[in-house]
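Quick notes on the structure that follows.
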Amino acid sequence: MKEPALVMVPCGQFCMGSETGQDNERPVHTVWVDSFWLAAYQVTNSEYAIFLEATQSSAPPSWNDPNFNHPEQPVVAVSWFEAAKYCEWLSAESGKRYRLPFEAEWEWAARGGVEGQLFPWGDAAPQSLPGYASRWKSGPEPVGRWANGFGLVDICENVHEWCGDWFGADYYAVSPERNPRGAESGRESGQRKASRGGSWRHHIKVSRCAARSSIPPEFQYADYGFRVACEV
């Protein structure tokens, strides 16, 4: 088992959400996040293969699809439960405390220390990025294209990334200021898990840092992957 390359995300305070985004990104509110480790890369097929062999788990439904099975592509079509199980296995093997990042941690990390801008690189539209029109034709790219200010690679793009929180559309109105952990499971959350980041198959392939998404935790979509967090 090879542990993931980790980036230390420093503690800090930022304005979470967006006044110009979806309704569920409001109200914009001040949040403090403690320092934590976050994987530099989305979990790849080669990394996930070691987990499958070690745990005798079932492979995702797209595992043998040539659009998705390059060793360095992010693993996709993994449910939230499978991503959580991967974190549990990684924790047991390493003796560290791996988990999925929470929404507030993810947004703080994605911003890369830059406050108030739409994307990790600023406010310019994704379509202005070099080669944008020719990318992501039939699946996610192999990881490692570019890094933000914290050194996190492919953040906001390639695949949606599962988060640890239950999703609540109105959660920002009641979110605590320090280290929010998401809605309680049940009626308030609608039984959906939060996710962040863009997707290779969306019309606009790269998400804003504040953009939120969610699906039921048992779903296995070909544009959903994850990256792991680790407690300091």
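Any value given below was found using the heavy atoms of this structure, including those in side chains, with hydrogens, waters and symmetry copies removed. Keep in mind it's a predicted model, so treat the numbers as computed, not measured. Sequential numbering from 1 along the given sequence is applied to the chain's residues.
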V228 and V43: CA distance, side-chain angles, deciding distance, side-chain contact (heavy atoms from CB on, under 4.5 Å) verdict: CA-CA 7 Å; V228 299; V43 175; 4.2 Å; yes

side-chain contact (heavy atoms from CB on, under 4.5 Å) evaluation trace for Y172 with V31: CA-CA 10 Å; Y172 283 10; V31 167; over 6 Å; no

Could you pull out all donor-acceptor pairs under 3.5 Å where a side-chain atom in residues 141-148 meets a protein atom, sequence neighbours excluded?
from, atom 1, to, atom 2, distance (Å)
E141, OE1, R135, NE, 3.4
E141, OE1, R135, NH2, 2.8
E141, OE2, R135, NE, 2.9
W146, NE1, E157, OE1, 2.8
W146, NE1, E157, OE2, 3.4
N148, OD1, F150, N, 3.0
N148, OD1, G151, N, 3.2
N148, OD1, L152, N, 3.0
N148, ND2, A109, O, 2.9
N148, ND2, A110, O, 3.1

Y86 and W89 aromatic ring geometry - parallel, tilted or perpendicular at 30°/60° bounds: tilted

Worked verdict on F119 versus I155 for side-chain contact (heavy atoms from CB on, under 4.5 Å): CA-CA 10 Å; F119 301 97; I155 198 92; over 6 Å; no

Donor-acceptor contact below 3.5 Å, side chain S91 vs main chain C87: yes

Could you tabulate the donor-acceptor pairs under 3.5 Å formed by side-chain atoms of residues 59-70, not counting sequence neighbours?
from, atom 1, to, atom 2, distance (Å)
D65, OD1, N67, N, 2.9
N67, OD1, S138, OG, 3.3
H70, ND1, E72, N, 2.9

ILVMFWY cluster, V75 and L52 together (side-chain gap under 4.5 Å): yes

Hydrophobic cluster membership, V76 vs Y221, 4.5 Å side-chain cutoff: no

Under 3.5 Å: donor-acceptor pair, side chain of S195, backbone of S213: yes

Pair E161-W106, side-chain donor/acceptor within less than 3.5 Å: yes

Shared hydrophobic cluster for V153 and L38 (ILVMFWY, side-chain gaps under 4.5 Å): no

Spacing of Q13 atom CD and W108 atom CH2 [to the nearest 0.5 Å]: 9.0 Å

Sidechain-backbone polar pair: Q73 side chain, T44 backbone, donor-acceptor under 3.5 Å: no

Heavy atoms from other residues, nucleotides or ligands near CD of E53 exceed 12 (cutoff 6.0 Å): no

Donor-acceptor contact present, side-chain K193 to main-chain I215, <3.5 Å: no

N/O donor-acceptor pair under 3.5 Å between W162 side chain and E82 backbone: no

Minimum heavy-atom distance F81-E218, with the two atoms named: CE1-N, 3.9 Å

Pairing residues for Q56 by the side-chain contact (heavy atoms from CB on, under 4.5 Å) criterion, not counting sequence neighbours: none

Separation of L90 CG from C230 SG (nearest 0.5 Å): 8.0 Å

Atom pair OG/CZ of S214 and F167 - distance to nearest 0.5 Å: 4.0 Å

Partners passing salt bridge (charged side-chain N to carboxylate O under 4.0 Å, His left out) against D123 (at least two apart in sequence or in another chain): none

Donor-acceptor pair, side chain of R181 and main chain of N179, under 3.5 angstrom: yes

Pair S57-K85, side chain to side chain donor-acceptor pair (under 3.5 Å): steps then yes or no: CA-CA 10 Å; S57 298; K85 183 179 178 182; 3.0 Å; yes

Distance in Å, D23 CG paired with D170 CG, rounded so as to fall on 0.5 Å steps: 9.0 Å

Single-linkage hydrophobic cluster, 4.5 Å side-chain cutoff, F36 and V7 together: yes

Nearest heavy atoms of P27 and A173, plus distance in Å: CD-N, 3.9 Å

Joint cluster assignment, L129 & W136, ILVMFWY side-chain distance < 4.5 Å: yes

Partners passing side-chain contact (heavy atoms from CB on, under 4.5 Å) against A5 (at least two apart in sequence or in another chain): A40, Y41

Straight-line distance of H202 NE2 to S207 OG, nearest 0.5 Å: 9.5 Å

Whether R111 side chain and Q117 backbone form a donor-acceptor pair below 3.5 Å: yes

E107/V33 under side-chain contact (heavy atoms from CB on, under 4.5 Å): CA gap, chis, key distance, verdict: CA-CA 10 Å; E107 184 171 329; V33 174; over 6 Å; no

Closest non-hydrogen atom pair, E25 against A211: OE2-CA, 3.5 Å

Donor-acceptor under 3.5 Å (H160 side chain, G197 main chain): yes

Side-chain polar contacts of residues 97-105 - donor-acceptor pairs under 3.5 angstrom, sequence neighbours left out - could you list them?
from, atom 1, to, atom 2, distance (Å)
Y98, OH, E3, OE1, 2.5
R99, NE, E231, OE2, 2.7
R99, NH1, E105, OE1, 2.9
R99, NH2, E105, OE1, 3.4
R99, NH2, E105, OE2, 2.7
E103, OE1, R212, NH2, 2.9
E103, OE2, R196, NE, 2.9
E103, OE2, R196, NH2, 3.1
E103, OE2, R212, NE, 3.0
E105, OE1, F102, N, 3.0

Worked check of salt bridge (charged side-chain N to carboxylate O under 4.0 Å, His left out) between R227 and D154: CA-CA 11 Å; R227 77 176 71 212; D154 307 319; 6.0 Å; no

Value rounded to 0.5 Å, distance of NZ in K2 from CD in E93: 16.0 Å

Axial cation check for W200 ring with K205, 6.0 Å and 45° limits: no

Near-ring test Y224/F219, centroid separation under 6.0 angstrom: no

